[in-house]
Amino acid sequence: MPELPEVETVRRDLVRHVLGRCVVTVEVTGRRSVRRQDPVEFAGALRGRTIESVSRRGKYLFATLDDAALLVVHLRMSGQLLLVPSGASTPREPHTHVVLGLDDVSELRFVDPRTFGELFVTSDLGPDGRPAALGALGVDPLVDPIDGRVVRELLAGRRTTLKALLLDQRAIAGIGNLYADEICFRAQLRPDRRTDSIGISAATRLWRAVVEVLDDAVAARGSTLRDARYRDLHGGHGHYQRSHAVYGRAGEACTVCGTPIERARIAGRSAHYCPRCQR
DNA sequence: CGCATATCCTGACTGC
DNA sequence: TGCAGTCAGGATATGC
């Protein structure tokens with residue numbers, strides 16, 4: 001499931017391969033993937049536009065068009081953006097819902113079996129330059145400069161579990177279930193630890209873990225799990241799954257102390273942690 | 001406020 | 001082997 005590192009990997013691939021490309025054709029076959037606006041309006045807003053930059057905040061991708069509108073993409077659970085050079089030769093995968101034909105005869109395809117993902121084009125931007133239609137998005141650990149004071153405010157500002165805080169996109173944007181668990185492990189903090197009980201040194205450790213885990217995962221081009229739901233722009237796998245310490249490892253030995261990794265339900269999600277290394 | 005739960009959906013997995 | 005049932009999760013809405 002694409003989280004910040006996977007979305008960032010796709011963003012970098014897009015910057016490399018579709019920047020400056022003009023959208024020539026737009027085909028919407030999956031209505032659910034373009035559900036915020038009329039597909040005809042969506043197609044009209046894209047056709048003839050050139051992609052000038054690609055940015056990201058949390059798990060949202062934004063492609064800035066030459067008329068200053070934004071193409072917004074969220075992959076949610078199973079969405080993939082695939083760039084296929086010269087359209088006719090490569091058969092479309094099942095669940096291909098949107099196809100953008102580009103002026104270099106490549107195709108940008110949106111494939112999404114579970115149809116939770118979505119695309120839309122908007123010019124209605126808030127004062128922060130982000131689409132007004134999106135809910136509040138918190139700090140992006142790889143985009144926003146952040147100091148210890150901000151981290152302590154985040155932690156003290158709510159009485160909840162660490163896991164719930166990490167998953168709350170209004171607080172921190174980009175972390176999902178997998179990376180939340182890996183971050184807690186790296187920070188040596190239990191996912192069910194109350195945020196208001198985390199002191200200054202642990203808070204420092206936590207933020208270092210957030211940035212390190214996400215940086216490492218981006219360097220590894222993200223995590224592709226057994227279900228192979230995440231692919232990069234060219235259909236390739238990430239390999240950060242090889243570095244997972246806890247996620248998906250319930251019952252297996254902790255890589256540090258050998259204690260079996262436990263799995264519990266925290267904040268409505270499965271959580272994996274080492275009961276010995278994490279306090 | 002915080003938390004749980006339901007919703008959307010399909011594919012992978014589990015258990016009989 | 002095959003089939004039915006369960007689980008997975010990102011964002012959002014709603015109820016307690």
Side-chain angles (χ1 to χ4, degrees), chain A residues 1-8 10 29-36 56-62 72-81 92-98 110-120 122 130-138 140-141 153-184 190-198 214 217 222-231 237-238 240-241 244 246-252 261 263-272:
Chain A
M1 48 242 90
E3 301 180 28
L4 188 154
E6 290 77 27
V7 178
E8 176 63 15
V10 173
T29 48
R31 264 254 50 184
R32 245 183 77 77
S33 301
V34 183
R35 53 184 178 270
R36 287 197 197 226
R56 178 192 60 75
R57 186 169 191 90
K59 302 167 196 166
Y60 284 94
L61 274 174
F62 306 115
V72 181
V73 182
H74 197 305
L75 304 174
R76 296 283 181 98
M77 301 301 305
S78 61
Q80 303 171 8
L81 279 178
R92 288 183 187 175
E93 303 198 20
H95 311 292
T96 299
H97 304 307
V98 179
F110 181 73
V111 179
D112 187 12
R114 294 188 198 175
T115 70
F116 286 3
E118 65 165 325
L119 304 85
F120 62 96
T122 184
R130 299 203 297 271
L134 298 184
L137 283 175
D140 183 301
E153 277 173 12
L154 273 176
L155 289 167
R158 57 194 70 213
R159 277 171 299 282
T160 182
T161 58
L162 176 54
K163 175 96 175 189
L165 174 71
L166 290 171
L167 291 176
D168 186 348
Q169 303 301 300
R170 296 165 302 180
I172 306 164
I175 299 171
N177 204 40
L178 190 165
Y179 292 104
D181 283 359
E182 293 301 318
I183 287 163
C184 287
R190 287 176 60 104
D192 56 356
R193 178 76 177 264
R194 308 299 299 188
T195 51
D196 52 2
S197 79
I198 296 175
L214 297 177
S223 302
T224 299
L225 303 179
R226 272 238 294 274
D227 64 9
R229 238 16 321 158
Y230 162 67
R231 299 291 179 88
H237 290 193
Y240 191 68
Q241 63 278 7
H244 292 178
V246 286
Y247 186 83
R249 297 193 65 244
E252 296 176 33
I261 298 302
R263 177 180 159 140
R265 199 144 193 95
I266 299 166
R269 295 273 172 255
S270 64
H272 314 71

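The sequence lines fix the lettering, A, B, ..., with proteins before strands; numbering per chain opens at 1.
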Let me spell it out: for each of A:M1 and A:R36, pick the nucleotide of DNA chain C with the closest heavy atom. Which residue's pick is nearer the 5' end?
A:M1
Between A:F120 (CZ) and C:dA11 (P), how many Å, whole number?
13 Å
In whole angstrom, what separates A:L162's CG from B:dC3's C1'?
16 Å
Base, sugar-phosphate, or nothing: which does A:S78 touch, judged by heavy atoms less than 4.0 Å apart?
nothing
Side-chain contact check for A:M77: nearest option of C:dA11, B:dG2, C:dG10 is C:dG10
For the pair A:S78 (side chain) and A:D112 (backbone), establish whether a donor and an acceptor sit closer than 3.5 Å, ignoring hydrogens and angles.
no
No-hydrogen, no-angle side-chain donor-acceptor test under 3.5 Å, A:D181 and A:H272:
yes
Out of A:R269, A:E3, A:K163, which one pairs with A:N177 under the side chain to side chain donor-acceptor pair (under 3.5 Å) rule?
A:K163
Atom pair distance, as rounded to whole Å: NZ in A:K59 and P in C:dT12:
11 Å
Describe, in one word, how the ring planes of A:Y247 and A:H244 are oriented to each other, choosing from parallel (under 30°), tilted (30 to 60°) and perpendicular (over 60°).
perpendicular
Reckon A:R35 touches a base, only the sugar-phosphate, or nothing at all at heavy-atom distances under 4.0 Å?
nothing
May I have the distance from A:L155 (atom CG) to B:dG2 (atom C1'), rounded to whole angstrom?
16 Å
Does a side-chain N or O of A:Y179 approach OP1 or OP2 of C:dG9 to a distance below 4.0 Å, or not?
no
Is A:R36 reaching over with its side chain to a backbone N or O of A:F120, donor-acceptor style, under 3.5 angstrom?
no
Separation of C:dG9 P from A:E3 CD (nearest whole Å):
9 Å
Rounded to whole angstrom units, what separation is found between the CD1 atom of A:I266 and the P atom of B:dT5?
14 Å
Return the value, rounded to whole Å, for the distance between atom NZ of A:K163 and atom C1' of B:dG2.
17 Å
Phosphate oxygens OP1/OP2 of C:dG10: is one of them under 4.0 Å from a side-chain N or O of A:H74?
no
Can you tell me the distance, in whole Å, between the CG atom of A:L166 and the P atom of C:dG9?
15 Å
Under 4.0 Å between any heavy atoms, over every strand shown, what does A:R170 touch: base, sugar-phosphate, or nothing? Just pick one.
nothing
Does C:dA11 have its OP1 or OP2 closer than 4.0 Å to a side-chain nitrogen or oxygen of A:Q169?
yes
Between A:E6 and A:Y179, does any side-chain donor sit less than 3.5 Å from a side-chain acceptor?
yes
Would you say A:R31 has more than 12 foreign heavy atoms packed within less than 6.0 Å of its CZ?
yes
So if I define the base as every atom that isn't primed, P, OP1 or OP2, how would nucleotides 6-13 of chain B read as a B/S/- string at a heavy-atom cutoff under 4.0 Å?
--BBBS-S
